[in-house]
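Just so it is clear, the values below take in all heavy atoms, side chains as well, and ignore hydrogens, waters and symmetry mates. Letters go in sequence order (proteins before strands), and every chain restarts at 1.
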Protein chains: 2
Amino acid sequence: MEQRTRLNSDERRVAVRAAAIRVFAEKGFVAATTGDIARDAGVSQPYVIHLFGSKDALVADIVGYAIQRVVDAFVAAIDAHAPDELPAHIGAAYLGLFQEEEGLLLCLAHAFTAGADPTIGPLAREGFVRVYRTLVDQGRLSPEQAGQVLAAGMLSNVILGLQLPREYDDNQMVRDLLAAVYPGNVELFKNATAPRE
Amino acid sequence: MEQRTRLNSDERRVAVRAAAIRVFAEKGFVAATTGDIARDAGVSQPYVIHLFGSKDALVADIVGYAIQRVVDAFVAAIDAHAPDELPAHIGAAYLGLFQEEEGLLLCLAHAFTAGADPTIGPLAREGFVRVYRTLVDQGRLSPEQAGQVLAAGMLSNVILGLQLPREYDDNQMVRDLLAAVYPGNVELFKNATAPRE
DNA sequence: TTGACATGTTATCAATCAATCAATAATGTT
DNA sequence: AACATTATTGATTGATTGATAACATGTCAA
């Protein structure tokens with residue numbers, strides 16, 4: 001009748017990763033403490049360190065994971081849709097990631113501003129180029145199309161990072177901007193970001 | 001024959017602000033210490049605190065300053081060019097800010113990922129909307145045009161933050177991406193970011 | 001059942017950092 | 001020249017945080 005009280009280390013690592021994504025997304029890689037992540041994951045702070053070796057290693061793990069998720073989502077979209085509709089579908093796939101795991105894109109956004117960081121910088125550079133390569137090599141997008149897709153994605157990161165959708169009801173400008181940037185998809189964002197906790 | 005060894009507090013504040021922009025741009029608002037900024041500015045750490053009251057107040061000052069610079073640059077571009085060529089000229093004005101003060105756009109990028117921060121969040125949200133308003137109200141851009149201009153700007157922030165132009169010579173993909181995103185302006189970026197110090 | 005191993009915790013430390021305070025040294029004024 | 005004012009620093013501190021190590025507890029095979 002007793003439920004298991006312990007997970008094996010791989011399962012626990014997955015849980016801590018999910019917590020780390022939430023916390024890193026909200027506070028950034030530096031301000032987020034291993035204690036914050038531990039509390040979110042329901043384990044002790046030293047165990048977070050134990051599971052990943054160091055905070056830096058955890059950060060690297062998350063950045064790699066986030067980029068891989070983006071690449072996988074893009075490859076799936078490329079395989080599922082006709083070439084002429086690809087840009088729109090890839091954009092939708094990107095936003096789908098936000099729904100699946102809210103913090104993912106914000107972690108990416110944080111990584112993409114950390115080019116000078118010795119741990120994150122190389123990973124982020126390599127990852128960004130890898131995403132671009134995926135669009136051009138696998139998706140057969142022109143460099144211009146790929147650039148537009150990436151630009152739209154980076155704007156999405158900012159809109160989500162600023163929590164602008166929360167002002168949707170109160171601010172005409174925000175409504176116009178979201179309507180212009182996400183034609184037909186505004187509802188997605190209006191409900192996406194949870195009201196303040 | 002003696003040179004002045006002291007500046008008045010306003011002059012010193014300007015110098016410290018410039019240092020803060022450099023340091024914040026490189027390390028982010030959290031990882032950058034007041035000691036780092038003090039060293040860059042050539043003053044003591046306590047004096048940085050004294051001049052701005054607190055690190056938080058300094059951060060708020062910088063975010064407000066950066067946004068004001070963007071708005072001013074956009075207004076100048078709007079006043080100087082015909083409506084049909086505005087989007088391109090506004091994009092150029094944005095990149096011009098990078099040349100004038102390298103860290104400005106990176107500080108903005110950091111602020112735009114800090115929506116959950118109680119100090120930065122409100123300032124960044126308000127600032128972003130203010131920039132959008134400037135494009136729509138003063139520049140008479142359509143919401144769609146404004147969204148594209150902002151998207152291109154956010155992509156520029158990421159490209160600069162990742163220091164991708166440094167890989168221009170070594171990486172074909174980077175060359176293609178920069179050529180696609182900045183038609184005719186690639187040279188600007190190739191030389192922009194200083195080689196590693 | 002017992003022991004061995006993997007999962008976890010508590011206690012603790014060293015380092016870092018923003019902030020305070022008292023003291024000092026330029027500068028300008030009378 | 002003396003004085004008031006402003007700029008600036010050195011010394012210090014309390015709080016935070018990543019990491020370590022020693023210890024505890026759950027799980028499972030033999």
- Query: Mind checking who shares a hydrophobic cluster with B/Val30, ILVMFWY linked at side-chain heavy-atom distances under 4.5 Å?
  - Reply: A/Val30
- Under 6.0 Å from the CZ atom of B/Arg13, do we count more than 12 heavy atoms belonging to anything else shown? yes
- Item | Gap separating the CE atom of A/Met154 from the CZ atom of A/Phe128, nearest 0.5 angstrom | 5.5 Å
- Message: Please report the distance, rounded to the nearest Å, between CD in A/Gln45 and P in D/dA19.
- Response: 8 Å
- Query: Between C/dT7 and A/Arg12, is there an OP1 or OP2 to side-chain N/O distance shorter than 4.0 Å?
  - Reply: no
- Task: Check every strand shown and say whether A/Thr33 touches a base, only sugar-phosphate, or nothing at a heavy-atom separation below 4.0 Å.
- Result: sugar-phosphate
- Message: Need one value for B/Ala38: base, sugar-phosphate or nothing, where a base atom within 4.0 Å counts as base even if backbone is also close, heavy atoms only.
- Response: nothing
- Query: Do any side-chain nitrogens or oxygens of A/Thr34 fall under 4.0 Å of OP1 or OP2 in D/dG18?
  - Reply: yes
- Does a donor on one side chain and an acceptor on the other come within less than 3.5 Å for B/Gln68 and B/Arg130? yes
- Specify the residues of residues 50-63 of chain B, ordered by number, for which at least one heavy atom lies under 4.0 angstrom from an atom of DNA chain C. B/Ser54, B/Lys55
May I have the list of side-chain donor-acceptor pairs in residues 81-88 of chain B shorter than 3.5 Å, sequence neighbours left out?
from    : atom 1 : to      : atom 2 : distance (Å)
B/His81 : ND1    : B/His89 : NE2    : 3.4
B/His81 : NE2    : B/His89 : ND1    : 3.4

- Query: Is a side-chain N or O of A/Glu11 found less than 3.5 angstrom from the main chain of A/Asn8, in a donor-acceptor match?
  - Reply: yes
- Taking the side chain from B/Arg125 and the backbone from A/Leu164, do they hold a donor-acceptor pair closer than 3.5 Å? no
For nucleotides 21-25 of chain D, give me every protein contact, N/O to N/O, under 3.5 Å, one pair per line with atom names.
from   : atom 1 : to     : atom 2 : distance (Å)
D/dT25 : O2     : A/Arg6 : NH1    : 2.9
D/dT25 : O2     : A/Arg6 : NH2    : 2.7

- Query: Of all the choices, C/dT20, C/dT7, D/dT17, which nucleotide is nearest to the side chain of A/Asn8 once you look at every atom?
  - Reply: C/dT7
- Counting just side-chain N and O atoms, does B/Ser9 come under 4.0 Å of either OP1 or OP2 of D/dA7? yes
- Could I get the full list of salt bridge (Lys or Arg N to Asp or Glu O under 4.0 Å) partners for A/Asp176, not counting sequence neighbours? none
- Query: More than 12 foreign heavy atoms under 6.0 Å from CZ of A/Arg17: is that the case here?
  - Reply: yes
- Short side-chain N/O contact from A/Tyr47 to OP1 or OP2 of C/dG8, under 4.0 Å: yes
- Message: Between B/Arg39 and B/Asp36, does any side-chain N to carboxylate O distance fall below 4.0 Å?
- Response: yes
- Message: For a 4.5 angstrom cut-off between non-hydrogen side-chain atoms, does B/Val174 reach A/Tyr132?
- Response: no
- Item | Divergence of helical axes at both termini of the helix from C/dT1-D/dA30 to C/dT30-D/dA1 - five pairs an end, 10° steps | 0°
